[in-house]
Amino acid sequence: SPAIRHLCQSQAARPCLSKRPGFTGACGRPPKKPIARRHLPATRAGKRRQARARRQVIRHSVLLKKLGRVAEALRPTKLEDYIGQHAAFGPGKPLRNLFETKQLTSLIFWGPPGSGKTTLAKIIAAETEADFHELSGVTSGKAELLGVVEIARKNEIKGQQTILFIDEIHRWNKAQQDALLPHVESGLITLIGATTENPSFEVISALLSRSRVFVLQGLAWEDLEKII
């Protein structure tokens, strides 16, 4: 018919856009991106494998929680039970002298994981009868620090020392460390920081100059045999 013939001629006269980049045809629309579809198990065996994997994840998480409770229960609480770090905490060493004279200043423990940084901080707090607070450099921030500061002000009225232990202190940024500085400088809070990174590069110089840095080594085989 004339109408069909006219439509065919008009379509043939239109320029082809399929050769232009980013277009698929004469309509000029951009190409559609493929839809990413989630893989679903097609058989009952696939569903069983997924259920088995979920049960294994649950069992592993429960086991890790139990191991964490066991490690905390076996953590030494007295100086006599502490094993290792003879170079820093042995008889006549600077850290032992600070501990025995109870003239505790802000400290930073630099050492590998499992070298006893947290255990040593808790023993120092227990032996000096100080109020011990622990924060994580990963999950805590300025809000948690201000809460400890309020408690420290109350302890200062009672004449009790407040020790703030910050694990992974190198994860705190400069602003968070600056917020801690005036309270360490005034003596309101005694800082014990633990880090696996070089504190000369990760801790601000003002906070570093008001603390004593002790390098802790990994446990020797003899120390591990005593622990086991």
Kindly indicate, with the supporting measurements, whether the criterion side chain to side chain contact (heavy atoms under 4.5 Å, CB included) is fulfilled by T162 and H133. CA-CA 8 Å; T162 303; H133 297 271; 3.9 Å; yes
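Residues meeting the salt bridge (charged side-chain N to carboxylate O under 4.0 Å, His left out) test with E134, sequence neighbours left out: K122. The salt bridge (charged side-chain N to carboxylate O under 4.0 Å, His left out) search around R212 returns none, not counting sequence neighbours. Applying the salt bridge (charged side-chain N to carboxylate O under 4.0 Å, His left out) rule to E197 yields no partners; only residues at least two apart in sequence or on another chain are considered.
You'll find the side chain of T196 reaches within 4.5 Å of the side chain of H170, heavy atoms only. Looking only at side-chain heavy atoms (C-beta outward), I169 and L191 come within less than 4.5 Å of each other. No side-chain heavy atom of T105 sits less than 4.5 Å from a side-chain heavy atom of T190. A heavy-atom distance below 4.5 Å is found between the side chains of V203 and Q177. Between V149 and L188, the closest side-chain pair of non-hydrogen atoms falls below 4.5 Å. At least one side-chain heavy atom of N198 sits under 4.5 Å from a side-chain heavy atom of W110. At least one side-chain heavy atom of W172 sits less than 4.5 Å from a side-chain heavy atom of I166. Side-chain contact between T195 and K117: absent, with no pair of heavy atoms (C-beta onward) separated by less than 4.5 Å.
Across all non-hydrogen atoms, the minimal contact from A121 to F132 is O-CE1, 3.9 Å. The shortest non-hydrogen separation linking P112 to S115 is O-OG, 2.8 Å. Of all non-hydrogen atoms in L104 and L107, the two that sit nearest each other are CD1-CD1, 3.8 Å. In terms of heavy-atom proximity, A206 sits nearest to R210 at O-NH1, 2.8 Å. Between G137 and S140, the closest heavy-atom pair is N-OG, 4.2 Å. Minimum heavy-atom separation, Q160 to D131: NE2-N, 3.7 Å.
Summarising the geometry, atom CG belonging to L181 is positioned 9.0 Å from atom OG belonging to S205; distances are rounded to the nearest 0.5 Å. Interatomic distance, OG of S106 versus CD1 of I189, reported as 9.0 Å (0.5 Å rounding).
In this structure a side-chain-to-backbone donor-acceptor pair under 3.5 Å is present from Q176 to N173. No donor-acceptor distance shorter than 3.5 angstrom exists from the side chain of T119 to the backbone of G116, with no hydrogens or angles considered.
At a threshold of 4.0 Å, the pair E168-R171 does not count as salt-bridged, since none of the basic side-chain nitrogens sits closer than that to a carboxylate oxygen.
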